[in-house]
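For reference, the structure discussed in these notes is given below.
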Amino acid sequence: MSNPVVRTRVAPSPTGDPHVGTAYVALFNYCFAKKHGGQFILRIEDTDTARSNPQSEAAIMNSLRWLGLTWDEGPEIGGPHGPYRQSERGAIYREHADRLLRDGNAFRCFCTSERLDEMRIQQRAAGRNAGYDGLCLRLPETEVQARLVAGEPYVVRLKVPDHGTCVVKDLLRGDIEIGWDLVDMQILLKQDGMPTYHLANVVDDHLMEITHILRGEEWINSAPKHQLLYQYFGWQMPALCHLPLLRNPDKSKLSKRKNPTSIWFYKRMGYLPEALLNYLGRMAWSMPDDSEKFSLAKMVEHFSLERISLGGPVFDLQKLQWLNGRWIREDLDEKALADRVREWALNENYLMKLVPLVQKRLAVLSDLGPLTAPFFSGLLEITADQLLQGKLDADTVAIALEVTLARMEVAEWTKSGIEAMFRDIATKMEIKLRDLLPPFYVAINGQPASAPLFDSMEILGRDLCRARLRHAITQLGEPKSDDNKRRLNELLGRQEKSGEEE
RNA sequence: GUCCCCGUCGUCUAGCCCGGCCUAGGACAUCGCCCUUUCACGGCGGUAACGCGGGUUCAAAUCCCGCCGGGGACGCCA
């Protein structure tokens, strides 16, 4: 096979905020493709119909563009291998699933989620690996046809060799061996007719002529399934390269629970896109001369996979801040900086959101400064004392902050949605709304008397509010008494629904 | 629990592939000093790491094995 054009992709799923991890993976894919004179593709993996939404898709595209990562083919600009939105490629996946079925490489499964749940519980209890037990694999063809005719819902599962070892090649780690007995008979087509990641990703990467897959380390264990699919289809598999995962300070996989992960948070805080991108490029990768500050173009110029280090890098806000400062000092003249500030928040659009909130509170125009300072700030300097100025005791405030932090993930981010959230929390905690709110004025706006809370939160955005709430919690600490700890868990338990991102 | 991946200062990393130049280099953070009307910037200096144990070798951060530690995966999520 002669050297084909290098084609890489980033394939985010549009559920929730645009994640820095997505940008990190996109950056490496972009650099690799460009370094080799190839193309970089954006594909939207929205096969999870319940969680995918167009707002999130738009946010992902806008945030990548904001960072300066542009793609050669994608949902809105099209390309020769479109559509680039998986929800629009349903027929293609069904065709391929049929082909697997026909060739005897996949089978229909009629098991209910309930049965599967029970099966998993039993497997865990018995200390066995969880995985489909193959019940429907053994169904006689006549019964399959009968149930099909009867209109019974089913999924399509992958047939997996029952013995032997799968060897997956990773560009960074060499050969990785995984026993086939540990590979699950993965669902390829869901009951709703949509493919799972595993099928869609293989079919699309092939059809879109992707040559190299740079993706998170979390995918290593499903690589055998993908390799098997390529084999069943008789396709050549793209080269695999698993990138180390970005980490929280405690080394766990970066999550919004412990760290700001939304790209919008960084934008809102006033980080420069080139600095954030530069920092992401310093995660697990280094310039040949070890220099710290470099542009995207320079990174492309010097990019090579060998310079990736495998240890999972901790995303360190302090170092990002230092780097951002360098970009501000060294790469922007005064005029350019002024323009950036205007672009960031000193613009008509943003000002017009603030004016209605403060007009009644202004005696002279110069009152504007202190009143709106929270809208031009990142984290605020607040103390535990300030948070406790209201009627509630420390434990109750701590509980309220924690509960709100959890609830705000699922709340609709509008003034009325935020209000509804607080009213509901007040009810559940059996506190009057006016008693619940004072600590939140402090946490969000830095002082007990300020612009209206719900409006402020809407304008500030979910990301900054999350960060300020988390900051307030740090100042205050956890609830002290065991009783209150239990109460918190109880309140949290009710809404411990929000799945982690990505 | 099972499997997989990873393991250099607190953090990001250079060095590792092709053993000696490593009494392990740089950066962030931290501490001290200098510059300075303050702060910041800048300059100078300090503290601080090859996880442990075995091999191989004249020589190991670099190669091999074991242990330990961390992480990830085990979804009709991606």
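Chain naming here is simple, since letters A, B, ... match the order of the sequence lines and numbering starts at 1 in each.
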*Who does B:U30 pair with, Watson-Crick or G-U, both distances under 3.5 Å?*
B:G46
_Under 4.0 Å, heavy atoms only, any strand: does A:Gln191 hit a base, just the sugar-phosphate, or nothing?_
base
*asked:* Does A:Arg307 reach a base, just sugar-phosphate, or nothing at all? Heavy atoms under 4.0 Å.
replied: sugar-phosphate
*Please state whether the base of B:G75 and the side chain of A:Asp184 form at least one donor-acceptor pair under 3.5 Å?*
no
*Which nucleotide in the list B:G75, B:C41, B:A78 gets nearest to the side chain of A:Arg329?*
B:C41
*Could you measure between the two C1' atoms, the one in B:C22 and the one in B:C41, and give it in whole Å?*
34 Å
*Would you say B:U13 has OP1 or OP2 under 4.0 Å from some side-chain N or O of A:Arg282?*
no
*Which base, if any, makes a Watson-Crick or G-U wobble pair with B:C76, both distances under 3.5 Å?*
none
*Please state how far atom CG in A:Asp192 lies from atom C1' in B:A78, giving the value in whole angstrom units.*
14 Å
*With the side chain of A:Leu182 defined as its heavy atoms from C-beta on, choose the nearest nucleotide among B:C6, B:U2, B:A27.*
B:U2
*Base, sugar-phosphate, or nothing: which does A:Ala284 touch, judged by heavy atoms less than 4.0 Å apart?*
sugar-phosphate
*Could you pick out which residue, A:Arg247 or A:Tyr279, lies toward the 5' side of RNA chain B when each is mapped onto its nearest nucleotide?*
A:Tyr279
*CA sep, side-chain torsions, deciding dist, call: A:Ser304, A:Lys35, side chain to side chain contact (heavy atoms under 4.5 Å, CB included)*: CA-CA 8 Å; A:Ser304 85; A:Lys35 167 76 184 181; 5.9 Å; no
*May I ask you to verify if any side-chain N or O of A:Ser113 is less than 4.0 angstrom from the OP1 or OP2 atom of B:C76?*
no
*Lys NZ or Arg CZ of A:Arg157 over A:Tyr132 ring: under 6.0 Å, within 45°*: yes
*Pick the C1' atom in B:A27 and in B:G20, then give their distance to the nearest Å.*
28 Å
*Atom-pair distance (CG on A:Asp250; P on B:G71), nearest Å*: 7 Å
*asked:* Mind checking if A:Ile187 touches a base, just sugar-phosphate, or nothing, with heavy atoms under 4.0 Å?
replied: base
*Could you check how far CD1 of A:Ile220 sits from C1' of B:U2, rounded to whole Å?*
16 Å
*Proximity to the side chain of A:Lys190 - top-ranked nucleotide from B:C76, B:C28, B:G42*: B:C76
*Across the strands shown, which category fits A:Cys166 at heavy-atom distances under 4.0 angstrom: base, sugar-phosphate, nothing?*
nothing
*asked:* Counting only side-chain nitrogens and oxygens, does A:Lys225 get under 4.0 Å of the OP1 or OP2 atom of B:A73?
replied: no
*Between B:C12, B:G71, B:C77, spot the one nearest the side chain of A:Val314, thanks.*
B:C12
*Quick one: which of B:C12, B:U13, B:C4 gets closest to the side chain of A:Lys251?*
B:C12
*What nucleic acid atoms does A:Met283 come within less than 4.0 Å of, heavy atoms only: base, sugar-phosphate, or nothing?*
sugar-phosphate
*Would A:Tyr84 and A:Glu73 satisfy side-chain hydrogen bond (donor to acceptor under 3.5 Å, both in side chains), going step by step from the backbone distance to the final call?*
CA-CA 8 Å; A:Tyr84 293 87; A:Glu73 298 166 29; 2.5 Å; yes
*Which part of the nucleic acid, if any, lies within reach of A:Leu323 when heavy atoms closer than 4.0 Å are counted: base, sugar-phosphate only, or nothing?*
nothing
_Evaluation steps, side-chain hydrogen bond (donor to acceptor under 3.5 Å, both in side chains), between A:Glu45 and A:Asn201_ = CA-CA 8 Å; A:Glu45 308 234 326; A:Asn201 134 283; 5.5 Å; no
_Side-chain donor/acceptor of A:Lys319 to base of B:A27, under 3.5 Å_ = yes
*Show the numbers, then the answer: is there a ring pair (Phe, Tyr, Trp, His ring centres under 6.0 Å) between A:Trp66 and A:Tyr266?*
CA-CA 11 Å; A:Trp66 177 69; A:Tyr266 295 94; 9.0 Å; no
_Nucleotide forming a Watson-Crick or wobble pair with B:G66, both distances under 3.5 Å_ = B:C52
*asked:* Using atom C1' in both nucleotides, what's the gap between B:C12 and B:A49 to the nearest angstrom?
replied: 13 Å
*Counting any heavy atom closer than 4.0 Å, what does A:Glu292 reach on the DNA or RNA strands: base, sugar-phosphate only, or nothing?*
base
*Should B:A61 form a Watson-Crick or G-U wobble pair with both distances under 3.5 Å, which nucleotide is its partner?*
none
*asked:* Suppose you measure atom P in B:A40 against the same atom in B:C34; what distance do you get, rounded to whole Å?
replied: 15 Å
*Classify the nucleic acid contact of A:Thr47 as base, sugar-phosphate or nothing, counting any heavy atom under 4.0 Å across all strands shown.*
sugar-phosphate
_Watson-Crick or G-U counterpart of B:U37, or none if no pair lies under 3.5 Å_ = none
*Quickly work out the A:Leu310 CG to B:U62 C1' distance and round it to whole Å.*
16 Å
*asked:* Base, sugar-phosphate or nothing for A:Val155? Non-hydrogen atoms, less than 4.0 Å.
replied: base
*Which value, in whole Å, describes the distance between the C1' atoms of nucleotides B:U13 and B:C52?*
23 Å
*asked:* Say we look at B:G45 and B:G7: how far apart would their P atoms be, to the nearest angstrom?
replied: 32 Å
*Which whole-number value in Å describes the distance from A:Phe294 CZ to B:A27 C1'?*
12 Å
*asked:* Regarding A:Ser262 and A:Asp463, do their side chains bring together a donor and an acceptor under 3.5 Å, going by distance alone?
replied: yes
*asked:* Over all strands shown, is A:Asp48 touching base, sugar-phosphate only, or nothing at heavy-atom distances under 4.0 angstrom?
replied: sugar-phosphate
*Calculate the interatomic distance between A:Arg157 atom CZ and B:C74 atom P; express it in whole Å.*
14 Å
*Tell me which of A:Gly179 and A:Leu320 sits closer to the 5' end of RNA chain B, going by the nucleotide each one is nearest to.*
A:Gly179
*Of the candidate nucleotides B:U13, B:A78, B:U11, which contains the atom at the shortest distance from the side chain of A:Asp316?*
B:U11
_Rounding to an integer number of Å, can you tell me how far A:Leu276 CG sits from B:C12 C1'?_
15 Å
_Within this structure, what is the CD-SG distance for the pair A:Glu217 and A:Cys241, rounded to the nearest 0.5 Å?_
10.5 Å
*First locate atom CG of A:Asn105, then atom CG of A:Leu229, and finally report the distance between them rounded to the nearest 0.5 Å.*
9.0 Å
*asked:* Whole angstroms only, please: what is the CZ-P distance between A:Arg9 and B:A78?
replied: 13 Å
_Can you check the distance between B:C77 and B:G72, where both ends of the measurement are the C1' atom (answer in whole Å)?_
16 Å
*Would one find a side-chain N or O of A:Arg215 under 4.0 angstrom from OP1 or OP2 of B:G72?*
no
*Go through B:C28, B:C76, B:U2 for me and flag the one nearest to the A:Leu116 side chain.*
B:C76
*Scan A:His206, A:His96, A:His226 and name whichever one has a ring pair (Phe, Tyr, Trp, His ring centres under 6.0 Å) with A:Phe233.*
A:His96
*Remember a base hit wins even if backbone is also touched, and classify A:Glu177 as base, sugar-phosphate or nothing at under 4.0 Å, heavy atoms.*
sugar-phosphate
